[in-house]
Structure formats: structure tokens, C-alpha cells
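Right, one structure below, let's go through it.
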Amino acid sequence: MKYSALSDIGQKREKNEDSWNIILGADGNPVGFVVADGMGGYLAGEEASRIAVKEISSMVMACVEARDVPTMYEIINHRIESINSQIMEYSNRNLGGLKSGTTLSIGIVKGKELYIAHIGDGRVYLIRDSVIRPITQDHTYVAELVKGGIISSNEALNHPDKNKITRALGFKENYLPDFYHETIKENDIFVFCTDGLYEHLSDDEIREIILKGPIEEASSELIKAVNQRGGNDNVTVIIAWV
């Protein structure tokens, strides 16, 4: 498996509140992908995403070695509960109760299967046979409006509440993940990203840039394109090619 990853502060932010990690197995191939986008401003979001990535990364091998999928999901949910408590404790202890939080997208490779746990408005995409599609569902107010047929996908692009998140770590409620699963096929490309990527680039533009290759340069090319469009947010992207 070939991969590339990069995180960038963008053009408008003073700090990068994103965090990420790739966990390698004994054979040097990735077994875990983690991307988090912190929220809450100076130090708050940065620390929330750092806690999430550190704590999730340390349990990836336990998930890989889990005897079955329900056990793996139980391990993830238990760790998510712990992370959520840690973030709220950090906010109360260090930020005077100022709210902090983070999105989190996790990919775990078990044999020929990819299992995904997802919270927030980051995304995981699959490019297969030159077609791109999002695997995950955004946890946003606007995504719920689209899902309910209240507004169209085009209307969602410029909706005034498009950045309103409905699920994240650091919340008292609504912080547990949705789970997804994909059987891995040869030449599949998986993309893990924060919303700073798709805010500026359409799904087809993301696909075109990645397929230009080489894969090792694709992350930097995506971020370059984002910053040329204004770079309104931090942006993080991990790309893995089977």
C-alpha cells in the first residue's frame, strides 16, 4: 500500500487545529488512519484533536487483533467514551469551561477489510475504477436537511449553517461514532480528510488531482489547490492506494 499525508494551516487561520496519524503494522503497511479537526479556538481545538489522535492511535493494534468485529466496535466505543471525558476535563481544568471539541475519522485495516468509525464533518472517500464517492455521512445540520429532502445538495453548498456540527467529541451528548465497512479491492484509493479540503474542492476535483499521480505527491497537490482557492480553514488529508 502506498500512501501520502499532509496537514496545512491554510491562508486564514493563526493555528493548525488538525491532527492526524498513520499507524503501521509489523510488515510496514498501514493498519490505521486517524484524522481529527479540533474546534474551540486557540489551544482548545488543538488540544482536543491531539488528545483524540493520541488515544485512538494507541488502541489501533487492539482493534486489528480483536477476535471479531463486534469486539472491535466495543473497543472503539469504550475509547471514544474515555476521549470525550478527557476533552471535557481538559476544558474545565484549563479553559475555564470554554468549550472545545474535535471531529474524528478512523480507518482500521483487518485483512482485506477496512472498518471506519466516524464523528463530525471530516470525510472518508473511496476512489474505485476512477469514480469517487464519500463513504461517510457528514454530521452537520445541513447534511440532515439534505437527507430529509428539505434542501438540495446545491442549496447546501451556500447554506448559512453549513458549518454547524451536530456530533463531535467534547459534547455531553451525540459523540459516539457511526461505523462503516468496505471490502478492499486492488487499486482502491481511500482519502481521509478534514472539511478544509472539500470546502474548496469538489469531489471530482479531488479525484482528478489524485489520479494525476504520483500518489506520494497527491496530498501536497490537493493542499496547494485548496490554498489557491483561498485556504479558509486548516486542511489535512491522508491518501492510501492499495
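Quick caveat, the model's predicted, so the values are computed rather than measured.
For the pair Leu24/Val31, no side-chain contact is recorded, criterion being any heavy-atom separation below 4.5 Å from C-beta on. Here the side chains of Lys2 and Glu216 are in contact, with some heavy-atom distance below 4.5 Å. Inter-residue side-chain proximity for Asp203 and Pro134 is flagged as met; some heavy-atom pair is nearer than 4.5 Å. Inter-residue side-chain proximity for Trp20 and Val34 is flagged as unmet; no heavy-atom pair is nearer than 4.5 Å. Annotation: side chain of Lys164 is not in contact with side chain of Thr140 (no heavy-atom distance under 4.5 Å). Asn94 places none of its side-chain heavy atoms less than 4.5 Å from the side chain of Glu47.
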For the pair His118 and Ser105, evaluate side chain to side chain donor-acceptor pair (under 3.5 Å) and give the outcome as yes or no after the intermediate values.
CA-CA 4 Å; His118 169 73; Ser105 296; 3.1 Å; yes
Any chance you could lay out the salt bridge (Lys or Arg N to Asp or Glu O under 4.0 Å) test for Arg229 and Glu205, step after step, and finish with the verdict?
CA-CA 12 Å; Arg229 298 274 179 90; Glu205 288 173 323; 2.7 Å; yes
Under the side chain to side chain donor-acceptor pair (under 3.5 Å) rule, what do Tyr175 and Glu81 come out as? Steps first, then yes or no, please.
CA-CA 8 Å; Tyr175 57 82; Glu81 293 267 8; 2.6 Å; yes
Would Thr194 and Val237 count as a side-chain contact (heavy atoms from CB on, under 4.5 Å) here? Give the steps.
CA-CA 7 Å; Thr194 56; Val237 58; over 6 Å; no
Check step by step if side-chain contact (heavy atoms from CB on, under 4.5 Å) holds for Val242 and Phe190.
CA-CA 8 Å; Val242 183; Phe190 294 95; 4.3 Å; yes
One pair to check against side chain to side chain donor-acceptor pair (under 3.5 Å): Asn16 and Ser7. What are the steps and the verdict?
CA-CA 8 Å; Asn16 190 347; Ser7 185; 2.9 Å; yes
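Judged by distance alone, the side chains of Ser58 and Arg79 do bring a donor and an acceptor atom under 3.5 Å apart. Side chains of Tyr180 and Gln137: no donor on one and acceptor on the other come within 3.5 Å. Side chains of Glu113 and Thr183: a donor-acceptor N/O pair is present below 3.5 angstrom, by distance only.
Applying side chain to side chain contact (heavy atoms under 4.5 Å, CB included) to Leu222 and the options Asn227, Ile239, Leu6 leaves one that passes, Ile239. A side chain to side chain contact (heavy atoms under 4.5 Å, CB included) with Ile83 is found for one member of Ile119, Ile56, Thr102 and no other, namely Ile56. Screening Asp138, Ile165, Asp18 for a side chain to side chain contact (heavy atoms under 4.5 Å, CB included) with Thr103, the sole residue that qualifies is Ile165.
Here CG of Leu169 is found 11.5 Å from CG of Asn174. Values are rounded to the nearest 0.5 Å. Taking CD1 of Ile127 as the reference point, atom CD1 of Ile206 lies at 8.0 Å (rounded to 0.5 Å).
Applying the 6.0 Å contact sphere to NE2 of His78 captures no more than 12 heavy atoms from other residues, nucleotides or ligands.
Using modelled atom types, no side-chain atom of Asn77 and backbone atom of Glu74 make a donor-acceptor pair closer than 3.5 Å.
Taking hydrophobic clusters as Ile, Leu, Val, Met, Phe, Trp and Tyr residues chained together by side-chain heavy-atom distances below 4.5 Å, Ile22 does not share a cluster with Val64.
Under a 4.0 Å N-O distance rule, the pair Arg133/Glu182 qualifies as a salt bridge. Electrostatic pairing of Lys224 and Asp8 does not count as a salt bridge here, judged by no charged N lying under 4.0 Å from a carboxylate O.
Applying the side chain to side chain contact (heavy atoms under 4.5 Å, CB included) rule to Asp195 yields the partners Asp37, Asp121, Asn163, Tyr198, Asp233; only residues at least two apart in sequence or on another chain are considered.
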